[in-house]
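Computed from a predicted model, the values in this text were never measured in an experiment. Throughout, numbering of the chain's residues begins at 1 and tracks the sequence.
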Amino acid sequence: MILATATPADAPRLTRFVNAAYRGETSHQGWTTEAHLLDGQRIDEEGLLEMLARPEAAMLLAQNEAGELLGSFHVQAQGPLVYLSMLAVAPAGQGRGVGKFLLRAAEDYGRRHGCAVSKMTVISVRDELIAYYERQGYHLTGATEPFPTDPRFGIPKQPLTLLALEKSLTPSV
């Protein structure tokens with residue numbers, strides 16, 4: 001896999017990729033679909049461009065040798081922590097290490113920006129996803145956040161809450 005960083009020119013392709021990974025028919029090919037929890041899109045092109053424009057932020061891309069997009073992950077350094085969001089892996093390619101590759105790249109991004117902690121939020125009813133991140137060294141903090149109400153990010157089919165997970169990026173002593 002080759003690691004790259006998205007540019008604004010990648011926004012149309014990334015928007016299609018992320019939406020296919022999270023929602024819709026193709027998302028059912030993978031284990032990370034949210035189609036049973038939310039209707040609508042995961043992101044629109046405008047929202048993706050806003051994410052790319054944030055200070056100290058990047059959209060990390062995992063590509064194959066031919067430049068085909070295998071996965072993407074948004075990262076943003078915020079002082080002592082790096083906030084990770086919107087990990088997307090092509091549904092047909094899940095279970096092949098793309099997510100782990102991007103997760104390690106995101107943590108490395110945080111370390112390069114002086115971050116000591118990696119943080120993310122996950123929908124509370126996504127037990128299998130929470131378990132995946134726990135296997136990667138993340139732990140639930142006990143903090144919760146309300147699910148966004150902006151329909152640009154999806155329309156919940158049930159009440160949803162986000163749970164915060166964190167991982168230390170500094171070596172244990």
Side-chain angles (χ1 to χ4, degrees), residues 1-6 10 14 17-23 26-38 42-43 48 51-52 54 56-64 68-148 153-154 160-173:
M1 274 179 272
I2 299 167
L3 182 65
T5 303
D10 292 309
L14 268 170
F17 180 84
V18 169
N19 284 322
Y22 277 87
R23 315 271 163 76
T26 58
S27 72
H28 293 286
Q29 296 172 14
W31 67 274
T32 61
T33 182
E34 292 180 347
H36 61 293
L37 298 173
L38 296 132
R42 172 60 180 87
I43 191 79
L48 201 135
M51 292 174 80
L52 290 174
R54 291 178 185 159
E56 302 294 325
M59 182 72 75
L60 304 178
L61 308 177
Q63 301 178 127
N64 64 17
E68 179 184 353
L69 190 56
L70 305 173
S72 63
F73 207 178
H74 184 258
V75 295
Q76 183 177 14
Q78 301 173 338
L81 67 85
V82 61
Y83 187 77
L84 313 180
S85 63
M86 208 166 68
L87 173 60
V89 175
Q94 292 180 7
R96 296 184 182 156
V98 176
K100 286 180 186 175
F101 174 82
L102 285 167
L103 187 58
R104 298 300 169 252
E107 292 167 357
D108 288 344
Y109 179 94
R111 286 183 193 97
R112 286 193 310 275
H113 284 80
C115 301
V117 175
S118 179
K119 179 182 179 180
M120 66 178 74
T121 58
V122 177
I123 297 172
S124 62
V125 296
R126 298 294 313 277
D127 295 332
E128 72 287 354
L129 195 54
I130 293 166
Y132 169 80
Y133 287 122
E134 288 177 329
R135 289 191 302 273
Q136 307 312 311
Y138 285 78
H139 66 275
L140 291 165
T141 66
T144 63
E145 296 178 18
F147 191 84
F153 307 115
L160 297 173
T161 303
L162 298 173
L163 302 179
L165 290 94
E166 290 184 355
K167 176 181 178 178
S168 174
L169 296 179
T170 57
S172 305
V173 278

Once you round to the nearest 0.5 Å, how far does [atom1] of [X] lie from [atom2] of [Y]?
X	Y	atom1	atom2	value
K119	Y138	NZ	OH	12.5 Å
K100	M1	NZ	CE	10.5 Å
F73	M59	CZ	CE	10.0 Å
F17	L14	CZ	CG	8.0 Å
Q136	L165	CD	CG	11.5 Å
L48	S72	CG	OG	8.0 Å

L140 and E134: CA distance, side-chain angles, deciding distance, side-chain contact (heavy atoms from CB on, under 4.5 Å) verdict: CA-CA 8 Å; L140 291 165; E134 288 177 329; 3.9 Å; yes

To check you understand the geometry: which heavy-atom pair defines the closest contact between [X] and [Y], and what is its length?
X	Y	value
A21	P91	CA-CG, 3.8 Å
L61	L102	C-CD2, 4.0 Å
V122	I130	CG1-CG1, 3.8 Å
T5	L60	OG1-CD2, 4.3 Å
R23	G154	NH1-CA, 3.6 Å
F147	L162	CD1-CD2, 3.8 Å

By ring-ring contact (aromatic ring centres under 6.0 Å, His included) - contacts of Y109 (at least two apart): H113

Sidechain-backbone polar pair: [X] side chain, [Y] backbone, donor-acceptor under 3.5 Å:
X	Y	answer
Y22	L87	yes
E166	V117	no
R111	L169	yes
N64	E68	yes

Test side-chain contact (heavy atoms from CB on, under 4.5 Å) applied to F153 and I43, step by step: CA-CA 5 Å; F153 307 115; I43 191 79; 3.7 Å; yes

Set of residues satisfying side chain to side chain contact (heavy atoms under 4.5 Å, CB included) with respect to A92, sequence neighbours excluded: Q29

Can you sort out the partners of [X] under salt bridge (charged side-chain N to carboxylate O under 4.0 Å, His left out), two or more places apart, ordered by chain and number?
X	result
R54	none
E107	R104, K167
R96	none

Chi angles and distances behind the side-chain contact (heavy atoms from CB on, under 4.5 Å) call for L103, L84: CA-CA 9 Å; L103 187 58; L84 313 180; 3.8 Å; yes

Close side-chain approach of M86 to V18, heavy-atom, < 4.5 Å: yes

Sequence-distant partners of E145, side-chain hydrogen bond (donor to acceptor under 3.5 Å, both in side chains), two or more places apart: none

